[in-house]
Amino acid sequence: MSGTYNSGGEGAPIESLDQLTAYFAAGEKPETAFRIGTEHEKFGFALGDHTPLAFRADGPSVEKMLSGLERFGWQPVREGGELIALKRDGASITLEPGGQFELSGAPLETIHQTCAEVNLHLREVREVADEIGAGFLGLGFSPKWSLEETPMMPKARYGLMKAYMPKVGTMGHQMMFRSCTVQTNLDFSTEADMAKKFRVSLALQPLATALFANSPFKDGGLHGFLSYRAHVWTDTDNNRTGMLPFVFDEGFGYEQYRDWALDVPMYFVKRGGEYRDATGKSFRDFLDGKLDVVPGEKPVISDWEDHLSTVFPEVRLKTFLEMRGADSGPWNTLCALPAFWVGLLYDNTALDAAWDLVKDWTEAERNALRIGAAKTGLHTPFRDGTLQDIAREALAIARTGLRARARMNGHGESETLFLDDLDEIARTGVTRAEGLVERFKGEWGGSIEPVFTECAY
């Protein structure tokens, strides 16, 4: 479930739409083979002056972090001669545009394994960071640095995206350079199983946004949102983001997602390690051999895979489903998010109960929850109550699902312990973001500087 690295342009040309559909179907697995993938991002900063880590610098830098981590058996990945990623045992460490450090974890069997992976990663990062004078923040949005103060990593695709983003939305650069997320990647057994999980997770994505809200700061102060990261996604590029209402249409399956993705404008085509600018162009033209940046060529499966990596809905389909709606946060949240989604989606009885919870929600209600959760979290109104009421119900279902999973698979009921912090948030209605706002207004005296200690890993 972690990131892939290919040169592009290899393999047989795609000759039919059915081959694109088959890409998704190839992800189907028996339930016994279901795995859990967790990805999380974090902000690096210099301990001395709390400035963001540049890629290369005399002091602490992103490059020094990556090269330092090689001692732990991570293998380097280079682009244009620059060290831009690491790989090890099915996992990868990659860089987001502003230097956000991302671990894309290996596909694992249990949440205990996921949490062990997270803890090992953070220990390794801490060892190298301490040596070079760096620290890392677990927040959903950059609390202090402006766009101008935020560096850009030397990855060619980010240059293309940076130039394109202002043409399609007002906050694309904020998303690229100043946001951090944690996400969970989960499997499906059949097309029908995929569709049901897609619908449940898409409807409940605003709940994840609220439960994990952890980005109340921007430019050294407050901005009125609990998850500014989630707010930024509401005007990044509406052609490739959002709540995908067609997922709830009768008959939804691989073909419908394929057709939507085909009509999302392209970013690039990769050939021989070079990114060719295809921003705004049509993948359908590419299928017909009419893409001007690679004249006469038809795409191969790696081109389709690359294109799918440039669509950013709240839930994304590849050969697995990605839950994308949560702010990054402290280490325990990096274990809580997979526990939440595994509990809801990996037990059929729990999945049925979760579908019963959301199946009569309207498109307007789902969109209102998405907008509201970013600003008011669990206090967001919903029908005769609030999102807090939904949180209690959903977490009870998730806990039941984890217990059933333990009985079936022998993983141990203790997987439910990863939900404990979420249960407390749902009980009180107070998110991490609200706790930070209270401290900022109180004991921090309106200063953002304590965040570099209080929210550091």
Side-chain angles (χ1 to χ4, degrees), residues 138-144 147 169-176 178-183 201-238 241-245 312-315 323-329 333 337 340 358 361-395 422 424-442 444 446 448 451 455:
L139 287 169
F141 196 81
S142 172
K144 180 181 177 181
L147 274 174
T170 63
M171 293 189 281
H173 288 170
Q174 304 286 352
M175 178 277 292
M176 288 179 63
R178 303 180 72 188
S179 69
C180 276
T181 188
V182 54
Q183 72 179 50
S201 54
L202 197 55
L204 289 176
Q205 217 56 217
L207 175 58
T209 294
L211 284 169
F212 290 86
N214 192 42
S215 49
F217 305 122
K218 174 178 177 281
D219 299 327
L222 302 175
H223 46 61
F225 289 84
L226 298 180
S227 175
Y228 197 74
R229 180 206 59 81
H231 172 63
V232 159
W233 276 108
T234 63
D235 194 13
T236 288
D237 180 348
N238 290 331
T241 64
M243 295 291 282
L244 305 189
F312 308 118
E314 291 293 291
V315 177
M323 318 302 154
R324 297 171 46 81
D327 286 357
S328 191
T333 70
L337 188 74
F340 176 71
V358 306
W361 295 5
T362 67
E363 179 183 348
E365 286 175 326
R366 292 190 297 267
N367 287 332
L369 285 177
R370 181 191 181 211
I371 300 300
K375 189 169 183 66
T376 53
L378 292 175
H379 310 295
T380 304
F382 184 75
R383 295 184 177 177
D384 295 329
T386 66
L387 199 49
Q388 184 178 3
D389 301 314
I390 302 299
R392 293 176 180 137
E393 291 187 68
L395 283 164
L422 297 182
E424 181 64 12
I425 290 171
R427 184 187 69 81
T428 63
V430 179
T431 61
R432 290 179 183 83
E434 287 161 293
L436 290 173
V437 169
E438 182 178 349
R439 299 179 75 183
F440 179 81
K441 291 179 176 179
W444 295 1
I448 200 65
V451 81
C455 296

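Values in this document were obtained by computation on a predicted structure and should not be read as measured data.
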[atom1] of [X] to [atom2] of [Y]: how many Å apart, nearest 0.5 Å?
{"X": "R427", "Y": "R392", "atom1": "CZ", "atom2": "CZ", "value": "9.0 Å"}
{"X": "S328", "Y": "N214", "atom1": "OG", "atom2": "CG", "value": "7.5 Å"}
{"X": "M175", "Y": "T181", "atom1": "CE", "atom2": "OG1", "value": "11.5 Å"}
{"X": "L211", "Y": "T431", "atom1": "CG", "atom2": "OG1", "value": "9.0 Å"}
{"X": "E365", "Y": "R383", "atom1": "CD", "atom2": "CZ", "value": "4.0 Å"}
{"X": "L207", "Y": "L378", "atom1": "CG", "atom2": "CG", "value": "7.0 Å"}

Do the non-hydrogen side-chain atoms of [X] and [Y] ever get within less than 4.5 Å of each other?
{"X": "W444", "Y": "V451", "value": "yes"}
{"X": "L222", "Y": "K441", "value": "yes"}
{"X": "R178", "Y": "L147", "value": "yes"}
{"X": "F217", "Y": "K144", "value": "no"}
{"X": "L226", "Y": "E434", "value": "yes"}

Donor-acceptor under 3.5 Å ([X] side chain, [Y] main chain):
{"X": "T241", "Y": "F312", "result": "no"}
{"X": "Q388", "Y": "A426", "result": "yes"}
{"X": "Q205", "Y": "S201", "result": "yes"}
{"X": "R229", "Y": "G325", "result": "yes"}
{"X": "S179", "Y": "F141", "result": "no"}
{"X": "T234", "Y": "A230", "result": "no"}
{"X": "E393", "Y": "I390", "result": "no"}
{"X": "R324", "Y": "P313", "result": "yes"}
{"X": "D389", "Y": "T386", "result": "yes"}

Open item on the list: Would you call the rings of Y228 and H223 parallel, tilted or perpendicular, taking 30° and 60° as the class edges?
Closed with: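 The rings of Y228 and H223 sit tilted, inter-plane angle from 30° to 60°.
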Task: Geometric class of the F225/H231 ring pair [parallel <30°, tilted 30-60°, perpendicular >60°] - done: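 H231 vs F225 ring planes: parallel.
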Task: Worked check of side-chain contact (heavy atoms from CB on, under 4.5 Å) between T236 and M176 - done: CA-CA 9 Å; T236 288; M176 288 179 63; over 6 Å; no
TODO: Tell me, with the steps shown, if T333 and R432 meet side-chain contact (heavy atoms from CB on, under 4.5 Å).
DONE: CA-CA 10 Å; T333 70; R432 290 179 183 83; 3.1 Å; yes
Where do [X] and [Y] come nearest, in terms of heavy atoms and distance?
{"X": "L387", "Y": "F382", "result": "N-CB, 4.5 Å"}
{"X": "W361", "Y": "L204", "result": "CH2-CD2, 3.9 Å"}
{"X": "A433", "Y": "P216", "result": "O-CG, 3.8 Å"}

Open item on the list: For R439, give me all partners under salt bridge (charged side-chain N to carboxylate O under 4.0 Å, His left out), at least two apart in sequence or on another chain.
Closed with: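 Only E443, E454 meet the salt bridge (charged side-chain N to carboxylate O under 4.0 Å, His left out) criterion with R439.
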Open item on the list: Could you work out, with side chain to side chain donor-acceptor pair (under 3.5 Å) as the rule, every residue matching T376, not counting sequence neighbours?
Closed with: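 So T376 forms a side chain to side chain donor-acceptor pair (under 3.5 Å) with T380.
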Task: Stepwise side-chain contact (heavy atoms from CB on, under 4.5 Å) test for S215 and V232 - done: CA-CA 11 Å; S215 49; V232 159; over 6 Å; no
TODO: State whether E363 and R366 are salt-bridged, where the test is any N-O pair (Lys NZ or Arg NE/NH1/NH2 against Asp/Glu carboxylate O) under 4.0 Å.
DONE: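 No salt bridge links E363 with R366.
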TODO: Any chance you could lay out the side-chain contact (heavy atoms from CB on, under 4.5 Å) test for T209 and R370, step after step, and finish with the verdict?
DONE: CA-CA 8 Å; T209 294; R370 181 191 181 211; over 6 Å; no
